[in-house]
Asker: 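The structure that follows is given in the form of structure tokens.
These numbers were taken from a predicted model, which means no experiment stands behind them.
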Amino acid sequence: MTTHFKKFGVIGGGAWGTAIAQMLTRDGQDVLIWCREADVAEAINTDHENTVFLPGVALKPALKATSDLADLAGMDAVFAVAPAQHTRATLKALKGTLKPGTPVVLCSKGIELATGEFMTQILKDELPEAVPAVMSGPSFAIDVAQGLPTAVTFAIEDETLGTELIAAISTPTFRPYLAHDLLGAEIGGAVKNVLAIACGIALGKGLGRSAHAALIARGSAEMTRLALKLGAERETLAGLSGLGDLVLTCSSETSRNMSCGMALGKGDSLDSIMGARNAVTEGVATAPVLRKLAAKHGVEMPISDAVAAVIEGEISVDEAIVRLLMRPTRAEAVTA
């Protein structure tokens with residue numbers, strides 16, 4: 001399929017942004033990644049490696065980096081990969097830079113702490129003339145950067161535009177699946193990070209794989225309840241951006257959120273865990289605002305609520321486990 005998408009901008013020089021830029025870089029396509037840190041941009045341009053956030057991965061020499069957002073002017077499409085709590089600031093800084101109607105593909109997975117808004121809502125606030133899309137699914141940065149097989153959800157309202165974009169970005173090992181439920185894709189990406197912390201706590205405490213599997217299943221029910229209440233579609237939460245991402249993030253120590261939970265389960269303090277990291281653990285910021293969102297809409301999310309209580313220092317890990325185990329039994333069916 002022929003496509004007019006030839007110039008791509010990527011906002012965010014972390015591991016995931018670098019992986020997406022690497023995936024997009026190929027013959028016939030120019031890719032420019034914006035990095036907040038000038039030294040990261042310089043390393044990508046001179047050493048062809050993101051030595052801070054994705055060390056050890058050889059980047060394609062054609063991939064170029066900048067620390068000036070204005071350089072993204074004229075791009076055919078932009079992938080917004082800044083951390084969720086910094087997305088508003090980066091999008092606001094893009095005002096007047098992008099052409100009206102430019103697709104902005106939101107790849108951050110979280111909910112803004114200050115407003116309770118998802119990334120599509122923030123994009124509408126800051127760049128209302130952009131065309132929103134959401135790309136989310138089971139995809140570790142290292143796998144995508146190394147060209148290992150990966151499949152994701154690509155949600156956009158305009159099917160024709162989405163089909164053309166997918167044709168431009170897909171490869172034999174990177175397979176986006178077209179969807180139209182942007183909100184459902186966002187909910188899956190945000191909630192699974194919180195649930196991964198819970199799964200990590202269970203394994204860190206030595207509660208076993210049976211408890212771990214139960215948390216994934218009941219966590220999926222929580223995620224789906226919230227999605228249905230907010231108007232998203234059940235099928236989206238059963239797909240790559242829901243169940244697929246949930247299983248991956250809750251099952252591997254490579255996940256920053258799960259490894260955070262494991263450290264909490266072993267008795268480390270949250271401050272010590274976060275202080276030792278140079279990458280964002282999205283679930284830590286998402287948990288408190290997710291709890292408020294669920295309460296606002298009357299959605300029962302006991303696992304997410306317990307994680308939020310631990311993150312905010314209201315209860316200990318042991319108290320959270322007791323709270324969940326002492327809940328009354330109920331029918332398993334998922335309801336809105």
Asker: Please tell me if the side chains of Leu69 and Thr97 come closer than 4.5 Å, counting only heavy atoms from C-beta onward.
Answerer: no
Asker: Decide whether Leu183 and Leu106 are clustered together by the hydrophobic rule: side chain heavy atoms of Ile, Leu, Val, Met, Phe, Trp, Tyr closer than 4.5 Å, transitively.
Answerer: no
Asker: For residues 31-41, tabulate all N or O donor-acceptor pairs below 3.5 Å that involve a side-chain atom, not counting sequence neighbours.
Answerer:
| unit_1 | atom_1 | unit_2 | atom_2 | d |
| --- | --- | --- | --- | --- |
| Trp34 | NE1 | Ser67 | O | 3.3 |

Asker: Got Ile122 and Met119 here, is their nearest side-chain heavy-atom distance under 4.5 Å?
Answerer: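 Contact flag for Ile122/Met119 side chains = yes.
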Asker: Quick check: do Leu178 and Ile156 have side-chain heavy atoms less than 4.5 Å from each other?
Answerer: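 Side chain of Leu178 against side chain of Ile156, heavy atoms only: contact under 4.5 Å found.
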Asker: Does any part of the side chain of Val310, heavy atoms only, come nearer than 4.5 Å to the side chain of Ile315, both counted from C-beta?
Answerer: yes
Asker: Distance from Leu264 atom CG to Ser316 atom OG, nearest 0.5 Å?
Answerer: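 Spacing of CG (Leu264) from OG (Ser316) equals 11.0 Å.
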Asker: Any side-chain heavy atom of Ile20 sitting closer than 4.5 Å to one from Met135?
Answerer: yes
Asker: To the nearest 0.5 Å, tell me how far Ile197 CD1 sits from Leu270 CG.
Answerer: 8.0 Å
Asker: Check whether Arg234 reaches the backbone of Leu228 with its side chain - one donor and one acceptor, N or O, closer than 3.5 Å.
Answerer: no
Asker: Measure from the side-chain N and O atoms of Asp76 to the backbone N and O of Lys6, and report whether any donor-acceptor pair falls under 3.5 Å.
Answerer: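 Here the side-chain-to-backbone pair exists.
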Asker: Under 3.5 Å, is there a donor on one side chain and an acceptor on the other for Thr18 and Asn50?
Answerer: yes
Asker: Can you name the nearest heavy-atom pair linking Ser136 to Lys109, along with the distance?
Answerer: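 Residues Ser136 and Lys109, closest heavy atoms: OG-CE, 3.4 Å.
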Asker: How long is the gap from CZ on Phe8 to CG on Leu72, to the nearest 0.5 Å?
Answerer: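 That separation rounds to 13.0 Å.
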Asker: Starting from the C-alpha separation in whole Å, work towards a yes-or-no answer on side chain to side chain contact (heavy atoms under 4.5 Å, CB included) for Leu24 and Ile169.
Answerer: CA-CA 6 Å; Leu24 291 170; Ile169 71 174; 3.5 Å; yes
Asker: Look at the side chain of Glu129 and the backbone N and O of Lys99, then say whether any donor-acceptor pair between them is shorter than 3.5 Å.
Answerer: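 Flag not set: sc Glu129 to bb Lys99 has no pair under 3.5 Å.
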Asker: A side-chain contact here means heavy atoms from C-beta on lying under 4.5 Å apart; do Ile187 and Phe118 qualify?
Answerer: yes
Asker: Any sub-3.5 Å donor-acceptor pair from Glu222's side-chain atoms to Ser304's backbone N or O?
Answerer: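 Such a contact is found between Glu222 side chain and Ser304 backbone.
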Asker: Please step through side chain to side chain contact (heavy atoms under 4.5 Å, CB included) for the pair Glu112 and Thr87, ending with a clear verdict.
Answerer: CA-CA 9 Å; Glu112 189 174 45; Thr87 292; over 6 Å; no
Asker: Check whether any side-chain N or O of Ser139 sits under 3.5 Å from a backbone N or O of Gly137 as a donor-acceptor pair, and report yes or no.
Answerer: yes
Asker: Could you check Gln121 against Thr115 for side chain to side chain contact (heavy atoms under 4.5 Å, CB included), going step by step and ending with a plain yes or no?
Answerer: CA-CA 10 Å; Gln121 295 168 301; Thr115 64; over 6 Å; no
Asker: Apply side chain to side chain contact (heavy atoms under 4.5 Å, CB included) to the pair Val322 and Asp318, showing each step before the final yes or no.
Answerer: CA-CA 6 Å; Val322 170; Asp318 290 336; 5.7 Å; no
Asker: Looking only at atom types and distance, does a side-chain atom of Glu282 sit under 3.5 Å from a main-chain N or O of Asn193, one as donor and one as acceptor?
Answerer: no
Asker: Search all heavy atoms of Ser251 against all heavy atoms of Ile216 and return the closest pair with its distance.
Answerer: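 Looking at all heavy atoms of both residues, the closest pair is OG-CD1, 3.9 Å.
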Asker: Between CD of Glu157 and CG of Leu182, what distance do you get to the nearest 0.5 Å?
Answerer: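 Answer rounded to 0.5 Å: 6.0 Å.
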Asker: When you compare the side chains of Ser255 and Ser252, does any donor N or O come within less than 3.5 Å of an acceptor on the partner?
Answerer: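 Side-chain D/A pair, Ser255 to Ser252: absent.
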Asker: Is it the case that one hydrophobic cluster holds both Met223 and Val307, taking links as side-chain heavy atoms less than 4.5 Å apart, direct or via other members?
Answerer: yes
Asker: Is Arg291 salt-bridged to Asp305, going by a charged N under 4.0 Å from an acidic O?
Answerer: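 Judged by the 4.0 Å cut-off on N to carboxylate O distance, Arg291 and Asp305 do form a salt bridge.
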Asker: What do you reckon, is NZ of Lys292 surrounded by more than 12 foreign heavy atoms closer than 6.0 Å?
Answerer: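 Not buried by this count: 12 neighbours or fewer within 6.0 Å.
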Asker: Using only atom types and a distance under 3.5 Å, with no angle test, would you say the side chain of Thr224 pairs donor to acceptor with the backbone of Ser220?
Answerer: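 Side chain of Thr224 to backbone of Ser220, a donor-acceptor pair under 3.5 Å: yes, one is there.
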Asker: Looking at Gly283, is its backbone amide N or carbonyl O close enough to the side chain of Asn257 to form a donor-acceptor pair, meaning the two atoms are under 3.5 Å apart?
Answerer: yes
Asker: Shortest non-hydrogen contact from Gly9 to Met75?
Answerer: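 In this case the closest contact between Gly9 and Met75 is N-SD, 3.6 Å.
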Asker: Going by distance alone, is a donor N or O of one side chain under 3.5 Å from an acceptor N or O of the other, for Thr249 and Lys192?
Answerer: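 There is such a pair between these side chains.
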Asker: With a 3.5 Å distance limit and no angle check, can you tell me whether Gln85 reaches the backbone of Leu113 through a side-chain donor-acceptor pair?
Answerer: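 Here the side-chain-to-backbone pair exists.
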Asker: Okay, side chain of Glu49, backbone of Gly56: is any donor-acceptor separation there less than 3.5 Å?
Answerer: yes
Asker: Is the shortest side-chain N to carboxylate O distance from Lys92 to Asp125 below 4.0 Å?
Answerer: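 Judged by the 4.0 Å cut-off on N to carboxylate O distance, Lys92 and Asp125 do not form a salt bridge.
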Asker: Is Phe140 reachable from Tyr177 through a run of I, L, V, M, F, W or Y residues, each pair having side-chain heavy atoms under 4.5 Å apart?
Answerer: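 No; tracing contacts between hydrophobic side chains, which count when under 4.5 Å, never links both residues.
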Asker: Determine whether more than 12 heavy atoms belonging to other residues, nucleotides or ligands lie under 6.0 Å from atom NZ of Lys95.
Answerer: yes
Asker: Please check if atom CD in Glu314 has more than 12 non-hydrogen atoms from other residues, nucleotides or ligands closer than 6.0 Å.
Answerer: yes
Asker: Measure the OG-CG distance between Ser170 and Leu165 for me, rounded to the nearest 0.5 Å.
Answerer: 10.5 Å
Asker: Just so I know, are the side chains of Leu203 and Arg209 near enough to count as touching, which here means a heavy-atom distance under 4.5 Å?
Answerer: yes
Asker: Do you know which two heavy atoms are closest between Ala202 and Leu215, and how far apart they sit?
Answerer: CB-CD1, 3.6 Å
Asker: When rounded to the nearest 0.5 angstrom, what distance separates CD1 in Ile11 from CG in Leu91?
Answerer: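 It is 6.0 Å, given to the nearest 0.5 Å.
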Asker: Evaluate the side-chain proximity of Thr150 to Met23: yes if any heavy-atom separation is below 4.5 Å, no if none is.
Answerer: no
